[in-house]
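To keep things clear, I will list the structure first and then write my remarks on it.
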Number of protein chains: 2
Amino acid sequence: MSRTTTIGAAAKAAGVAIDTVRYYEREGLLPVANRSSGGYRLYTAADVERLRFIRQAKALGFTLGDIAGLLQLQDGGGPRQQVREMARARVSELDRKIRELTAIRDTLVALEQQCHGSGTVAGCPIIEGVQSVSLNQSPES
Amino acid sequence: MSRTTTIGAAAKAAGVAIDTVRYYEREGLLPVANRSSGGYRLYTAADVERLRFIRQAKALGFTLGDIAGLLQLQDGGGPRQQVREMARARVSELDRKIRELTAIRDTLVALEQQCHGSGTVAGCPIIEGVQSVSLNQSPES
DNA sequence: TTGGAGTCTGGACTCTACTTCAGGGTCAAG
DNA sequence: CTTGACCCTGAAGTAGAGTCCAGACTCCAA
């Protein structure tokens with residue numbers, strides 16, 4: 001009964017691409033949309049809210065998998081406690097990653113400062129330093 | 001004429017997987033290996049060094065593309081200046097990412113602290129807060 | 001000589017989050 | 001009625017950095 005929009009308008013209102021909306025429907029993050037007589041998907045204000053939620057949660061670094069979980073909690077009126085746990089887990093993850101990147105950064109800065117930056121690469125402290133650096137594997141970034 | 005090892009020993013010595021060594025050869029990060037009479041790839045200590053360099057540079061967050069550039073500089077005796085620039089660029093990139101992740105982290109922590117964590121998800125400050133947060137798109141992590 | 005560990009190949013597959021494509025149908029304005 | 005903007009579908013492609021596979025071959029020690 002509420003007013004509805006087409007996919008283009010909904011996508012624009014939520015700040016995502018049209019294809020992304022269809023993709024989210026396929027992936028189950030959005031309910032299967034109602035259709036107009038001509039077969040166009042129809043979106044309500046609630047759908048647009050949901051899209052916006054997805055976009056923002058993504059900006060907070062949640063994966064679509066995480067977001068699916070969050071949306072399920074919303075849909076099912078699940079325990080708030082669980083939302084909190086997901087937020088906490090995400091914060092830990094972020095802390096870990098920030099520490100890791102900071103360590104990498106500091107290492108590179110130190111190497112860079114040992115390099116006077118003239119001549120050829122032979123004996124360059126940065127190149128040679130890389131060999132002897134010890135860091136954890138796979139910074140995932 | 002120097003002693004050589006098979007791919008398994010080289011991979012182990014460098015701390016990477018066998019398939020990864022072959023992959024690096026395909027991608028041009030390693031020279032095409034000499035072969036034994038039976039067709040086995042043969043690796044020298046220099047190859048192992050190179051593999052180790054790649055691994056470490058990756059741990060510093062350089063992409064394989066970056067690393068290919070670094071290796072080309074090494075192979076060609078290129079200007080040290082250029083190595084420095086790559087290191088600087090990487091540091092800037094890291095700084096940017098660290099700032100971004102920190103902003104996300106702080107946002108999440110703030111939301112989490114507003115949530116007492118009991119009851120259902122309805123009205124949960126974390127969920128509702130996500131809607132109104134303003135951050136840049138695509139944190140790429 | 002035989003058995004098992006190691007290696008060879010080309011190609012397909014993984015993951016995430018989309019994006020692009022071709023070849024159509026729908027809708028509203030003029 | 002036509003034009004142009006919008007929308008539909010299923011399938012395939014993208015990036016990055018590998019990983020895995022089957023089936024065949026090689027190597028070394030017992």
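Letters A, B, ... mirror the listed sequences (proteins, then strands); counts begin at 1.
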message: Let me spell it out: for each of B:R26 and B:A9, pick the nucleotide of DNA chain C with the closest heavy atom. Which residue's pick is nearer the 5' end?
response: B:A9

- prompt: Can you tell me if the side-chain N/O atoms of A:Y24 get under 4.0 Å from OP1 or OP2 in C:dC18?
  reply: yes

query: For B:C115 and B:C124, which heavy atoms make the closest approach, and how far apart are they?
result: SG-SG, 4.0 Å

message: Rounding to an integer number of Å, can you tell me how far A:D66 CG sits from C:dT16 C1'?
response: 12 Å

message: Is it true that, when you exclude A:Q72 itself, more than 12 heavy atoms of the residues, nucleotides or ligands shown sit nearer than 6.0 Å to its CD?
response: no

- request: Please report, rounded to the nearest Å, how far the P atom of C:dC21 is from the OH atom of A:Y23.
  value: 19 Å

query: For A:L42 and C:dC27, what is the distance between atoms CG and C1' respectively, to the nearest whole Å?
result: 13 Å

- request: Rounded to the nearest angstrom, tell me the gap between atom CD in B:E25 and atom P in C:dG10.
  value: 11 Å

field: Shortest side-chain distance from B:T6, nucleotide among C:dG6, C:dA17, D:dC7
entry: C:dG6

query: Which nucleotide in the set C:dA17, D:dC8, C:dC8 lies at the smallest distance from any side-chain heavy atom of A:K58?
result: C:dA17

- request: Provide, to the nearest angstrom, the distance between the CD atom belonging to B:E27 and the P atom belonging to D:dA15.
  value: 12 Å

task: Report yes if a donor N or O on one partner sits less than 3.5 Å from an acceptor N or O on the other, where the partners are the side chain of A:Y40 and the base of C:dG25; otherwise report no.
output: yes

- prompt: Would a 4.5 Å heavy-atom cut-off, applied to side chains only, mark A:P31 and A:E25 as touching?
  reply: no

- line: Among C:dG6, D:dC8, C:dG25, the one nearest any side-chain atom of A:R41 is D:dC8

statement: 5'-most contact on DNA chain C (nearest-nucleotide basis), A:G39 vs A:R22, goes to A:R22

message: How about CG on A:D95, more than 12 heavy atoms from neighbouring residues, nucleotides or ligands closer than 6.0 Å, or not?
response: yes

- prompt: How do B:S37 and B:I54 order along DNA chain D: which one's closest nucleotide is nearer the 5' end?
  reply: B:I54

query: Whole Å only: how far is the CD1 atom of A:I7 from the P atom of D:dA5?
result: 19 Å

Any A:T20 side-chain nitrogen or oxygen under 4.0 Å from OP1 or OP2 of C:dT19: yes

message: From the set D:dT19, C:dT9, C:dA17, return the single nucleotide nearest to any side-chain atom of B:D19.
response: D:dT19

Polar side-chain atom of B:R90 near backbone of B:G61 as donor-acceptor pair, under 3.5 Å: yes

- prompt: Nearest-Å distance, CD1 (B:I18) to C1' (C:dA5)?
  reply: 11 Å

message: Over all strands shown, is B:R35 touching base, sugar-phosphate only, or nothing at heavy-atom distances under 4.0 angstrom?
response: sugar-phosphate

- prompt: To the side chain of B:L64, which of C:dC27, D:dG18, C:dT7 is closest?
  reply: D:dG18

- request: Quickly work out the A:L30 CG to C:dA17 P distance and round it to whole Å.
  value: 15 Å

